[in-house]
There are 2 protein chains.
Amino acid sequence: MVTAGAHGAEHKYLAVRAYLTELVAGELAVGDAVPSERSLTEKFGVSRMTVRQAVDALVTEGVLERVQGRGTFVAPPRADFEMRLTTFGEEARRRGLTPGADVLEAGTRPAPPHVAEALDCEPATPMHHVVRLRTTDGNPMSVEESWIPVHLVPGLLDDGVPESLYGALRAHGLDPTWGEETITAADGTDEERERLQMRGTHAVMRAARRTFGGEAPLMYSRACYRGDRYSVFVPLREARPTIVPRTTGTPRAGRVFEGSPR
Amino acid sequence: MVTAGAHGAEHKYLAVRAYLTELVAGELAVGDAVPSERSLTEKFGVSRMTVRQAVDALVTEGVLERVQGRGTFVAPPRADFEMRLTTFGEEARRRGLTPGADVLEAGTRPAPPHVAEALDCEPATPMHHVVRLRTTDGNPMSVEESWIPVHLVPGLLDDGVPESLYGALRAHGLDPTWGEETITAADGTDEERERLQMRGTHAVMRAARRTFGGEAPLMYSRACYRGDRYSVFVPLREARPTIVPRTTGTPRAGRVFEGSPR
DNA sequence: CAGTGGTCTAGACCACCCT
DNA sequence: GGGTGGTCTAGACCACTGA
């Protein structure tokens, strides 16, 4: 029998869970069996229901798979089934490229109407405003414009524009937890095309993003990517029906058609 | 006390679950409390752990929310946190538009190299090949080209092109369960722009999709949408780290940069 | 205070898989 | 048959909420 290690302190099932996640992250490979529920029962001196609580959680998270009569196994890593709230730098590094940023504009400005609406605040609310040219390995990839309410982090730009705006927000205790993004294709303006050094082609991909921390809107940003060097990869799940309570009408992920021209 | 209704027969927790989902889909509205766990215990003559098993599942599915000390409540319908494997028709109807399809080409052709590669089959494998102009309320929205291996459903096009290819696949026992899509922005060709009746603008959004049923590739399709009438809405989750077992290297959702020109 | 969900116990029988 | 997960019981104490 083993007492709770460094990880799980508060609750017994957390100790079991921590033990299992360590196994999965460490010595076990995909397809390997984890210790049986009954053996964990003895190892931790807890009841089987407690062990199951830990295993259940890891199964619903997709870390483990149960097979009746055989055991519980390390699940193959799911291809991430959701788009994540990542930054330009993270995405670039993940692909082995070196991200860069040239600051084109930085300062404080009153929120224009579309920004105020997106961030659900009064028009003309003071905003940090940054326009940057983002590069990978020195090649222009996108022009990014970001708006952050000044009152959230008054001194955000005092030491210049931070490498990562998300990182700066986190450093001030504002964690970006979720967001929503609308992606469109459009003809780039001459200014955009010049900044992005686009020659033959005109098409750009625009991404407008609202970032939230909990309930509070943190940031509104618009990015304009070179159409010829940029794509979005989206895994798609089955369109399974869901249980819907009354009084509904919520936006869903998916395509938006503008309908007939107005 | 109540015995298992029409729904849950096999297991007691399924009876409880069925009862709760009926409540949520029927009389209860968002934010309403569901019966307490202890009252369900009496109503169904089961132990509390059994009730919790039912409630747990609905909580992880996002149907219910627990609040310690207060009760369990109908959760607000989550904005779907994933892009779904939906069809053009479904998306259009969901937005109150009437979908339409003009068949431009339909027949059987050997798979070109890029299609064979995408569907992981031999080059020149016989394929059903369909090109359709998709419309909403009569307005051209996209040009869609689809490839389906003939050997999966030999008679697929015998009675003309079906309203929905996904529907036709399902009717033949081939359930599309997941897929992956790559979205890019590009300048539309003259042919595309004419078919889509695009006047001032040139940019189109291209979406290349592979559709799978279980492990088997079912269909490869490419769609070309009017850039000025079409957008993709993507909810973004926190970029939280996940528990990763050894032997990894899986593709992830996200942005793809082409890097420097080659 | 009474009622709620959160955690936990020490058993039990079943269905299933492998040998 | 022996081990696995799947379901289930009849209690228990705790932490939290709201009146």
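A note on names: the letters A, B, ... follow the listed sequences, proteins ahead of strands, and every chain is numbered from 1. Values below: every heavy atom of this structure, side chains too, minus hydrogens, waters and symmetry copies. Here the structure is a predicted model, which is why all the values come from computation and not from measurement.
- At a threshold of 4.0 angstrom between heavy atoms, the contacts of A/V55 with the nucleic acid are absent.
- Residues forming a ring pair (Phe, Tyr, Trp, His ring centres under 6.0 Å) with A/Y166 (at least two apart in sequence, or on another chain): none.
- In this structure, B/L14 atom CG and C/dC14 atom C1' are separated by 15 Å, rounded to whole Å.
- Between the CZ atom of B/R52 and the P atom of C/dT4 there is a distance of 14 Å, given to the nearest Å.
- When the nearest nucleotides of DNA chain D are assigned to A/G71 and A/M49 by heavy-atom distance, the more 5′-ward of the two goes with A/G71.
- Between chain B and DNA chain D, the heavy-atom contact criterion of under 4.0 Å yields a 5' to 3' nucleotide range of D/dT7 to D/dG18.
- By the 4.0 Å N-to-carboxylate-O rule, A/E180 lies too far from A/R209 to be salt-bridged with it.
- The base of C/dG5 does not come close enough to the side chain of B/R70 for any donor and acceptor atom to sit less than 3.5 Å apart.
- For B/P35 and A/V67, each mapped to the nucleotide of DNA chain C holding its nearest heavy atom, the one lying further toward the 5' end belongs to B/P35.
- Counted by atom type alone, A/E91 and A/T86 present one or more donor-acceptor pairs between their side chains at under 3.5 Å.
- In summary, A/E181 and B/R255 engage in a salt bridge, as defined by a charged side-chain N under 4.0 Å from a carboxylate O.
- In this structure, the side chains of B/R237 and A/R84 come closer than 4.5 Å at one or more pairs of heavy atoms.
- Within the nucleic acid shown, A/Q68 comes within 4.0 Å of at least one base atom, counting heavy atoms only.
- Considering only residues two or more places apart in sequence or on other chains, A/F212 meets the ring pair (Phe, Tyr, Trp, His ring centres under 6.0 Å) condition with A/W178.
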